[in-house]
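Just so you know, residue 1 is the first one in the sequence shown, and it goes up from there.
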Amino acid sequence: MHRPIKYVEKGLTLTAQAAWAVFERLNRIKPNPSFTPAWSDKPLLKSYQKTKPPLGWPRATDSLCPRCVPEIRKQILDGKLPHEVLLNEKVGEIKAQIVERDGKILMVKDCPRHGHFEDVMSIDPAMFRHIEEVFPGRDIRAHSDEQLHNHGTSTVKYGRGAVLTIDLTNRCNMMCDPCFMDANQVGFVHELSWDDIKTLLDNAISIKPKRQMSVQFSGGEPTLSPYFLDAVRYSRKVGYTSVQAATNGIEFAKSFEFCQQAAEAGLRYVYLQFDGIGNAANSHRAVGNLFDVKLKAMENVHKAGIEIVPVTTIINGINNEQVGRIIKFALDNPKLTSFCSFQPVSFTGRDEEITDERRQAQRYTLSHLAHDVKDQTGLGEPTRDWFPLSFVSTFSDWSDLVHGPGAQWGQLSCGCHPNCGVGMAVMVDKETRESVPLSAFLNLDQLAKDVAKLNDAARGKFLSSLGMALAIMRNYDSFKTPTHFSLAAMMQKMDKTFGVTNKAQRGGYGKVSGDRTLEDIEKRRKDRWCVLMIAGMWFQDLFNYDFRRTEQCIIPYATQEGEISFCAYNTGIGWRNIIEKMHMTATLTRWYEEHGRHEIFAGGKKVSVGNVQLERIQLNDELVTTEQQHDLDRLGIAKTAREEKLRARDARQKNDPEYNAKMAKLYREVVLKEKQPEGFIPLGTLVNTNGNGNSHANGNGSHVSEHDTEAVAGD
């Protein structure tokens, strides 16, 4: 039976529907022109002025050849081609078609030199269509940005993004597969100086539209940088309200004092690598107690006043079975986290040379995510409850309108391509743990259309706020909400998010500005209702690359060569490799001589974090995984790039009798630094090969792989 208040709210909904009909008709009369806010040199866009890239299918787009690009990149890195070729020519570019076949959406393309390529973009055409149909359009074109956005066909053209990403160092204290930056393996250190960091942050706030209110420090492992805390502190000083760290959590787990220092410097979010529930579910990262590290880090950072966003790299056959467990963990801990970020694997960095067999087996799309969430938790309908991340930009536009022309920063706006990311919002009762998708009781499709009409009319703050209240009430179904949720709580959530009333300005919900205190943080946490955002962000690789996505990137990298799309930097033509080599700090050998080696946790090594006492975290033992996922084992498919290399080596051994002698010679020259006369084979290095192709050098059971020699050579 419904509570009596639900019937009262139903009456308000019916009243609001009638009132909206009158309000909307009057609101259409002589709409106001858009104003130009202080954070932009161009006026706010009305909904009908927003442009869209080609959507639907079949459609053509511009892509890259997965074989041409690495070849050309190597020529640039070897000094045979200038990097300026990327600014003036369409390097490695080919046309691609997006089509439907056998109930899937595919990208298919052909290179004149390397032949045919295709990959899956979605296993649910209906969801793919829905996501593209509700895309509201691109943001204001970036302007006053010529010095930072000049990267040929990879140039960011629209908006000002949501999060500025800054890699403080390419050093890391782990050796993960996958790793899109190939940390600890490139043979040199690229680490920003303090002057570099300040310059990148200063440059970022000089271009418009100035709406990028978040900055994320990444790496490598950003906490290894000696300037990590200073960078956080300076970011708050220049105006960023959301300062984040993308981290594996090791340093936060090892020291609560470090967490306190980070919080005092202004760190607001920790984007915590989090691949599953239990050490077995994280074992592919090759740290013996990695889940214990995550729990300790969570306890420490939350106690210090820093919010937590678990970030999961999802790989089919490795940890896709963890999707439901991670979400259930978040639902059990709504006071701990309000965001789950899932990132389907991008085959780049260490995985760029992946075999077709492993790529097809491990490929995971945003549609896989939506269906896994539904199948493993019972939450969400793919075509009703999932929306592109850019869907929220309509509401950001409304917030820009009500904050007026004097605002110094625009509202954070996720204006990315609809194929980049999706999300589902779930309203969670922190006291009872009851959860319901927001779109189950709030008609978000119609609400967005209503809000777009408010934006187009461009009235003042009062009428725009009144219109929003009516739009919410008329699209609200009180009988489908969580038991104790109310329309008043819905309105309060909107105000808390967009800061419309004086209550937000007075810090009534707890301030988020640079002068916020632990008291402000706890005040924001007292809200009974948590909107848990379950989001998927799918970064591109060379097999599914689309320049229409690159040009409206919302999480660009700030580098010494300007701001570059996330995908163009890490995949695409590979700007990361080029820029880091151009601005190399030191070779590994020189770095180690001057600074020593930092500790690396790999090969099952454990991190010393002591006993993990769960004071703030509720851990349901039923969610804890006790063994690895075995899908790929049953299929006989390699799990990692390293395993693929070892298998390729074994195959070569069978076909090349001299291969073992060559590897033994390489071992002595590269690892032992011995120089041998031409043709000399030392006694004892003749190699026995057992029946399964595994080799043992020096007669003592040790062996060296290509991967090992490459790592040593890099030093």
Review point. What side-chain hydrogen bond (donor to acceptor under 3.5 Å, both in side chains) pairs are there with at least one residue in residues 603-612, not counting sequence neighbours?
Key: E599-K605

Practice item. Could I get the full list of side chain to side chain donor-acceptor pair (under 3.5 Å) partners for Q560, not counting sequence neighbours? Key: H190

Review point. With ring centroids as reference points, do F329 and F274 lie under 6.0 angstrom apart?
Key: yes

Check your understanding: Do the ring planes of F252 and F228 sit parallel (below 30°), tilted (30 to 60°) or perpendicular (above 60°)?
Key -> perpendicular

Exercise for review: For E357, enumerate each residue passing the side chain to side chain donor-acceptor pair (under 3.5 Å) test, keeping only those at least two apart in sequence or located in another chain.
Suggested key: none

Check your understanding: Hey, does the side chain of N248 reach the backbone of I250 with a donor-acceptor pair shorter than 3.5 angstrom?
Key -> yes

**Study point:** Expected output: side-chain N289 to main-chain V607 donor-acceptor under 3.5 Å
**Key:** yes

Check your understanding: Is a salt bridge present between D650 and R647, judged by a nitrogen-to-oxygen distance below 4.0 Å?
Key -> no

Review point. Do L86 and I76 have side chains that get closer than 4.5 Å, going by heavy atoms?
Key: yes

Check your understanding: Listed by chain and number, what are the side chain to side chain donor-acceptor pair (under 3.5 Å) partners of K294, not counting sequence neighbours?
Key -> Q273

Review point. If only atom types and distance count, is the side chain of N320 paired as donor or acceptor with the main-chain N or O of G317 below 3.5 Å?
Key: yes

**Study point:** Non-hydrogen side-chain atoms of I578 and L77 separated by less than 4.5 Å
**Key:** yes

Review point. Hey, what do you get for CG (D230) to NZ (K198), rounding to the nearest 0.5 Å?
Key: 9.5 Å

Review point. Which atom names give the shortest non-hydrogen contact between V624 and G278, and what distance separates them?
Key: CG1-CA, 3.9 Å

Point to revise | Pair K303 + E299: basic N to acidic O under 4.0 Å | key: no

Review point. Are any of the side-chain heavy atoms of L267 and F217 separated by less than 4.5 Å?
Key: no

Point to revise | Working for side-chain contact (heavy atoms from CB on, under 4.5 Å), residues I314 and N319 | key: CA-CA 6 Å; I314 295 289; N319 67 335; 4.1 Å; yes

Point to revise | Residue pair S218 / Y557, side-chain donor-acceptor N/O under 3.5 Å | key: no

**Study point:** Chi angles and distances behind the side-chain contact (heavy atoms from CB on, under 4.5 Å) call for Y569, I579
**Key:** CA-CA 9 Å; Y569 193 61; I579 291 175; 4.0 Å; yes

Review point. What is the minimum heavy-atom distance between V243 and S235, and which atoms define it?
Key: CG2-CB, 3.8 Å

Review point. Between N170 (side chain) and G220 (backbone), is there a donor-acceptor pair under 3.5 Å?
Key: no

Review point. Hey, what do you get for CD (Q629) to CD1 (I315), rounding to the nearest 0.5 Å?
Key: 10.0 Å

Check your understanding: Do K254 and E251 sit within salt-bridge range, that is, some charged N less than 4.0 Å from a carboxylate O?
Key -> yes

Review point. Of the non-hydrogen atoms in N316 and L632, which two are nearest, and what is the gap between them?
Key: O-CD1, 4.1 Å

Practice item. For the pair S225 (side chain) and Y227 (backbone), establish whether a donor and an acceptor sit closer than 3.5 Å, ignoring hydrogens and angles. Key: yes

Practice item. Verify, without hydrogens or angle tests, whether S346 (side chain) and Q540 (backbone) share a donor-acceptor contact under 3.5 angstrom. Key: yes

**Study point:** F347 side chain reached by R363 side chain, heavy atoms, under 4.5 Å
**Key:** yes

Review point. Which pair of heavy atoms, one from V309 and one from S341, lies closest together, and at what distance?
Key: CG1-CB, 4.1 Å

Review point. Just by distance, do the side chain of T155 and the backbone of G152 share a donor-acceptor pair under 3.5 Å?
Key: yes

Point to revise | D78 bridged to K74 by N-O distance under 4.0 Å | key: yes

**Study point:** Donor-acceptor contact below 3.5 Å, side chain T169 vs main chain G219
**Key:** no

Revision key, fill the gap. To the nearest 0.5 Å, atom NE2 of H583 lies from atom CG of D196 at 8.5 Å

Review point. Regarding Q216 and S214, is there a side-chain donor-to-acceptor distance under 3.5 Å anywhere?
Key: no

Check your understanding: Can you tell if the side chain of T559 reaches within under 4.5 Å of the side chain of W575, non-hydrogen atoms only?
Key -> no

Review point. Just by distance, with hydrogens left out, do H284 and D275 show a side-chain donor and acceptor under 3.5 Å apart?
Key: yes

Review point. Could you state the interatomic distance from OG1 (T165) to CZ (F566), rounded to the nearest 0.5 Å?
Key: 6.5 Å

Practice item. Side-chain contact test, heavy atoms from C-beta onward, threshold under 4.5 Å: evaluate it for L542 versus P70 and give yes or no. Key: yes

Exercise for review: Would you mind reporting whether F339 and E307 have side-chain heavy atoms less than 4.5 Å apart?
Suggested key: no

Review point. Which pair of non-hydrogen atoms, one from P310 and one from I308, has the smallest distance, and what is that distance?
Key: CD-O, 3.8 Å

Review point. Around Q147, counting heavy atoms of other residues, nucleotides and ligands shown, do more than 12 lie under 6.0 Å from its CD?
Key: no

Review point. Under the side chain to side chain donor-acceptor pair (under 3.5 Å) test, which residues partner T625, sequence neighbours left out?
Key: Q322

Check your understanding: Quick one: does R236's side chain have a donor or acceptor within less than 3.5 Å of a partner on T241's backbone?
Key -> yes

Review point. Got a second to check how far I637's CD1 is from Q362's CD, nearest 0.5 Å?
Key: 8.0 Å

Exercise for review: Check whether any side-chain heavy atom of H114 sits under 4.5 Å from a side-chain heavy atom of P66, and report yes or no.
Suggested key: no

Study note, to complete from the structure: Rounded to the nearest 0.5 Å, the CG atom of D119 sits from the CG atom of D541 at a distance of 6.5 Å

**Study point:** Side-chain H-bond candidate by donor/acceptor type, H595 with E191, under 3.5 Å
**Key:** no

Check your understanding: side-chain contact (heavy atoms from CB on, under 4.5 Å) between F539 and T348: does it pass, once the steps are laid out?
Key -> CA-CA 10 Å; F539 303 120; T348 188; over 6 Å; no

Review point. Got a salt bridge between D633 and K639, using NZ or NE/NH1/NH2 to carboxylate O under 4.0 Å?
Key: yes

**Study point:** All salt bridge (Lys or Arg N to Asp or Glu O under 4.0 Å) counterparts of E352, not counting sequence neighbours
**Key:** R73

**Study point:** R285 side chain vs L290 backbone, donor-acceptor pair below 3.5 Å
**Key:** no

Exercise for review: Please report the C-alpha distance between V156 and E563 in whole Å, then the side-chain angles of each, then the deciding distance to 0.1 Å, and finally whether the side-chain contact (heavy atoms from CB on, under 4.5 Å) criterion is met.
Suggested key: CA-CA 8 Å; V156 176; E563 293 186 7; over 6 Å; no

